[in-house]
Chemist: 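Handing you this structure, nothing more for now.
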Amino acid sequence: MTDSPGAPGFLTATRTFYDAIAEDYAATFRDSYAGRPLDRALLRAYAELVGPGRPVADLGCGPGEVTALLAALGLDVYGLDLSPAMVEIARREHPGLRFEQGSMLELPLPDGALAGVVSWYSSIHTPADRLPELLREYRRVLAPGGHLLLAFQAGDRPRRHEQPWGHPVTLDFLRRDPAHMAALLGDAGFALVSRTVREPDESLGEAVAQAFLFARAR
Ligand SMILES: C[S@@+](CC[C@H](N)C(=O)[O-])C[C@H]1O[C@@H](n2cnc3c(N)ncnc32)[C@H](O)[C@@H]1O
């Protein structure tokens, strides 16, 4: 674990938050992709770009819904999450898949090990000053030409989630400017392939636009 002096405790705060809410989060989002055809289309396109049977990591996988979708699309995918409670739920709900606990800032993988990295709403708790390091870590574990899919809320102001489902925890969800993220990806050794921004879907409780960046390791 690597909490830095610049942002003391952000990994611990993130892990504590998701450990507390894991069961409620999983129950809320279980099977929610049936009602998200546009997001599923992007995941399908991603799976097609990477190619069947290629090794992919779903980093910050939570309860593993997206990991399972990607596996059903033919990828050789495993999930990793900081929160032990999330990993336990993912293993319970998707017993045929592999899930590991750990930090995506420090992946236990050799350079170039993967054909794909998916970071689906998981970079949103990494402070701005640690983002370049996070994107370099994604780049390090990808083989040249490997595919990154990055999903996040678009915007500039964070949204503070206080006492979700009545649990005594608080965490900021950081929104980001897609153009700025694209520039950071370039700096980290990626070539941008596609930038999709869709409008918020109120039926999903979204307050801001959602961004989906596809990039290839140079
Ligand atoms: C908003 S949830 C998204 C979960 C899942 N990708 C989904 O879409 O349902 C963010 C997840 O990222 C994980 N996460 C945040 N920072 C992480 C890190 N540094 N390493 C590994 N997982 C992290 C959290 O524990 C949490 O499960």
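Note that the structure is predicted; figures quoted are calculated from it, not measured. Counting starts at 1 for both ligands and their atoms, following the listed order.
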Chemist: Quick check: do Y121 and V66 have side-chain heavy atoms less than 4.5 Å from each other?
Modeler: no

Chemist: Is there any salt bridge (charged side-chain N to carboxylate O under 4.0 Å, His left out) pair reaching into residues 203-218, and which pairs are they, with sequence neighbours excluded?
Modeler: R198-E206

Chemist: Is there a side-chain contact between V208 and P200 in this structure, where contact means two heavy atoms from C-beta onward sitting under 4.5 Å apart?
Modeler: no

Chemist: Donor-acceptor pair, distance only, cut-off 3.5 Å: does the side chain of D81 make one with the backbone of S83?
Modeler: yes

Chemist: With sequence neighbours left out, which residue pairs that include part of residues 60-73 fulfil the side chain to side chain donor-acceptor pair (under 3.5 Å) condition?
Modeler: D58-T67

Chemist: The criterion is side-chain hydrogen bond (donor to acceptor under 3.5 Å, both in side chains); which residues satisfy it with E88, sequence neighbours excluded?
Modeler: none

Chemist: Which pairs of N or O atoms, one from ligand 1 and one from the protein, are separated by less than 3.5 Å, and what is the distance for each pair?
Modeler:
unit_1	atom_1	unit_2	atom_2	d
ligand 1	6 (N)	G60	O	2.8
ligand 1	6 (N)	W120	O	2.8
ligand 1	9 (O)	Y25	OH	2.8
ligand 1	20 (N)	M104	N	2.9
ligand 1	22 (N)	L82	N	3.1
ligand 1	25 (O)	D81	OD1	2.6
ligand 1	27 (O)	D81	OD1	3.2
ligand 1	27 (O)	D81	OD2	2.7

